[in-house]
Amino acid sequence: MTSKALLDGGPDDLAGKIVPVTPPGQELKIPHRGGYEHYKVTTRHEDTDQGSATVYRWWERTEVAE
């Protein structure tokens with residue numbers, strides 16, 4: 001089952017974006033501009049134009065090791 005996550009915080013071009021989450025978990029790791037943006041699940045849910053989404057809060061960025 002695919003759930004939806006609403007991204008809270010982080011880079012302006014990701015904040016407020018809705019992304020799929022399969023399966024729902026504790027962390028999202030999204031590739032972005034040569035690194036990864038990390039989001040942790042919260043207990044919040046919001047209604048969006050794509051249905052109900054769990055809010056994931058940004059907590060750190062890591063760089064891709066080469």
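Heads up: numbering here begins at 1 and tracks the sequence. What you see is a predicted model, and the numbers here were worked out from it, not measured in a lab.
- Remark: Gln26 pairs with Val41 by the side chain to side chain contact (heavy atoms under 4.5 Å, CB included) rule, at least two apart or across chains.
- Residue pairs satisfying the salt bridge (charged side-chain N to carboxylate O under 4.0 Å, His left out) criterion with at least one member in residues 18-33, sequence neighbours excluded, are listed as follows: Asp13-Arg33.
- The distance from atom CD1 of Ile30 to atom CG of Leu7, rounded to the nearest 0.5 Å, is 4.5 Å.
- Judged as a salt bridge (charged side-chain N to carboxylate O under 4.0 Å, His left out), and not counting sequence neighbours, Asp12 has no contacts.
- Not a single side-chain hydrogen bond (donor to acceptor under 3.5 Å, both in side chains) links Asp47 to another residue, sequence neighbours left out.
- Leu6 places none of its side-chain heavy atoms less than 4.5 Å from the side chain of Tyr56.
- Remark: Glu63 pairs with Arg61 by the salt bridge (charged side-chain N to carboxylate O under 4.0 Å, His left out) rule, at least two apart or across chains.
- Applying the side-chain hydrogen bond (donor to acceptor under 3.5 Å, both in side chains) rule to Gln50 yields no partners; only residues at least two apart in sequence or on another chain are considered.
- His45 meets the side chain to side chain contact (heavy atoms under 4.5 Å, CB included) test with Ser52, Thr54; sequence neighbours excluded.
- Contact of the Leu28 side chain with the His38 side chain is not registered, since no non-hydrogen atoms from C-beta on lie closer than 4.5 Å.
- Put simply, the side chain of Leu14 reaches to within 4.5 Å of the side chain of Glu37, judged on heavy atoms.
- Considering every non-hydrogen atom in both Ala5 and Ala53, the closest pair reads C-CB, 4.3 Å.
- Every pair tested for salt bridge (charged side-chain N to carboxylate O under 4.0 Å, His left out) that includes a residue from residues 14-25 fails, sequence neighbours excluded, so the list is empty.
- A single hydrophobic cluster is seen to contain both Ile18 and Val55, as judged by linkage of ILVMFWY side chains at heavy-atom distances under 4.5 Å, directly or through other members.
- Annotation: side chain to side chain contact (heavy atoms under 4.5 Å, CB included) contacts of Thr43 (sequence neighbours excluded): none.
- Shortest non-hydrogen contact noted between Ala15 and Gly10 is CB-O, 4.5 Å.
- Not counting sequence neighbours, the partners of Arg57 by the side chain to side chain contact (heavy atoms under 4.5 Å, CB included) test are Asp8, Thr42.
- Of all non-hydrogen atoms in Trp58 and Tyr39, the two that sit nearest each other are N-CD2, 3.2 Å.
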